[in-house]
Amino acid sequence: MKDFIQYIIRFLLGDDIPGEYITAIGYTADPRLYNKYSIVIHPSGFFDSHLYGKPSSIPTLPLKLIDDIPLLFGEAKEEMIGDTLVLRADLVASTYFLITRYEEMIRRDMRDEHGRFPGKQSLPYKAGFLHRPVVEEYGLYLRNKLRQLGLQLHEEKPGIRQIYLTHDVDAPFYCRSWRNVIREIKNGENIITALKIKNGNLESDPFYTFPKLFAENEKLVTALGKDRCKVICFFKAGGNSVQDKPVYKLIGKDIKNLFALCDQFQVEIGLHSSYQAGNNPELIVKEKKKLESAIKKEIKLNRHHFLSFREPEHTAFLQKAGIFEDFTLGYADVAGFRLGTCRSVRWINPATRKLTSFLLHPLTIMECSLSEKKYMGLSYEEALAYCLGLINQTATHKGDLVLLWHNTAFAEHKADYLNKLYTDLIKKLMNE
Ligand SMILES: [Zn+2]
């Protein structure tokens, strides 16, 4: 069996399932091999060379269902052949399709104005299951089948395994340099106010919300423990696109204060790859080195600015740069489970079908996806209900929750509800 297939079966069954159960499941169309396994998943033909990589391999709607779970490939049929249960539902291909971003590779012409694959054009959104981690539902289905065959499996208690509170530092300060003051004057703002912010305490800068934000995070870290709740700040270190503005320096008193605050709260620092690097991923190496020399630590984590992780194969550039984990993969226009899973998953390159050790952490919720008119445009009540739904799903399946709140969204003067929503979610999560 190919290693990526073995990995998918292992991933479906979960980390806590003993190894012998993994080998009890086969993925073969050859009836002579059926008796080697307790369960055989019959391949639907998705990986066959005449179909794989072709537009015709994308499932058409409406999808079939197995126990109310949307099935991407195969049939909702099963039969006992000898002592082996043969499933015609191709859970391997269905999982592969979701965790590899296969759809995005096939539909290269489908991109938004920033070159990103739009969530609302995705199969999970169109089929109405983006808010469900269906890969975990496949896993539960498969474990239940093993139980039906008399194998003893215990189901773990529900609860979120790991929470990542993350902040993309697009603009750490509002007005702390002469360049900022000139911008304010050009924009017709009051020069006295601008100078006051520039020369005043760092804490009085409206974008420097980190002390408040970290104090809020600390409540959850204390409640759940450092092992279960981690805080990460992603810093930019380059980029010449308009979307990369404002450019901030990684040297100077203010940023040093911010790095020291991160140290004090044990906040991990990751690279916020620039918008430009999203288009030219070879720039990631340079940006990573620049950030490393500023903080004098090795960088292992990444998230792309604008979530502009444009092509699935670009992951290889992160690997080449010596980055091991990424936190980009949610859709900007709609929150949910972009990879079909709420657990971190090893990247399989859909172009080569190679399994790698690179870890993708699905992004569950980015705050502006909820509030912005052009994205979901939800009211506070709707956003809270939607977030609680995703949190519930994640807890049910022992998944990881990744929240992204920008420091600027936490500014007090902001008229929207994102500041309040964050504190409400933290409160709710303290009981998880
Ligand atoms: Zn950003």
Side-chain angles (χ1 to χ4, degrees), residues 111-119 164-174 180 205-210 213-214 217 231-250 255 258-259 262 267-281 283-284 286-288 290-291 294-295 299-311 314-315 317-318 321 323 325-335 338 360-372 374-376 402-411 414 416 418-419 422:
R111 296 293 186 265
D112 71 3
E113 73 269 33
H114 300 296
R116 308 172 298 190
F117 188 82
Y164 296 96
L165 302 173
T166 72
H167 312 294
D168 291 357
V169 187
D170 295 345
F173 321 112
Y174 178 67
N180 296 157
D205 184 285
F207 284 2
Y208 193 76
T209 57
F210 302 96
L213 200 46
F214 292 172
N217 294 343
V231 184
I232 310 169
C233 275
F234 293 96
F235 283 87
K236 282 195 296 180
N240 290 325
S241 307
V242 179
Q243 290 82 358
D244 289 316
K245 286 183 178 175
V247 173
Y248 54 88
K249 289 194 175 131
L250 295 171
I255 199 87
L258 178 51
F259 290 148
C262 289
V267 173
E268 182 152 4
I269 290 178
L271 176 67
H272 199 33
S273 295
S274 67
Y275 186 94
Q276 192 189 9
N279 273 324
N280 306 296
L283 294 174
I284 294 169
K286 207 172 113 195
E287 295 182 3
K288 176 183 175 258
K290 196 171 160 195
L291 183 57
I295 64 162
I299 298 285
K300 294 174 184 163
L301 316 177
N302 175 72
R303 175 181 288 132
H304 279 67
H305 184 40
F306 270 66
L307 307 184
S308 60
F309 195 166
R310 292 183 174 87
E311 307 301 328
H314 286 181
T315 316
F317 289 91
L318 290 167
I323 286 171
E325 300 175 38
D326 178 84
F327 286 79
T328 309
L329 292 170
Y331 292 119
D333 59 339
V334 53
R338 181 172 180 173
L360 302 170
H361 294 273
L363 166 62
T364 327
I365 303 163
M366 173 168 77
E367 89 287 48
C368 51
S369 307
L370 305 164
S371 60
E372 278 194 23
K374 63 177 177 184
Y375 294 154
M376 296 175 83
V402 181
L403 300 184
L404 159 52
W405 249 253
H406 293 79
N407 56 298
T408 45
F410 211 64
K414 294 265 289 196
D416 59 36
L418 295 173
N419 188 334
Y422 191 70

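Note that ligands are numbered from 1 as they come in the structure, with each ligand's atoms numbered from 1 the same way.
Of all heavy-atom pairs between P118 and R111, the closest is CD-CA, 4.1 Å. Across all non-hydrogen atoms, the minimal contact from L370 to W405 is CD1-CH2, 4.5 Å.
Take H114 and apply the ring-ring contact (aromatic ring centres under 6.0 Å, His included) test, not counting sequence neighbours, and it matches Y275, F306. Shown here are the salt bridge (charged side-chain N to carboxylate O under 4.0 Å, His left out) partners of K374, two or more places apart in sequence or in another chain: E372.
When you scan the N, O or S atoms of H305 for the one nearest the Zn ion (ligand 1), you land on ND1. When you scan the N, O or S atoms of D170 for the one nearest the Zn ion (ligand 1), you land on OD1.
With a cut-off of 2.8 Å, the Zn ion (ligand 1) has no N, O or S atom of H304 in range.
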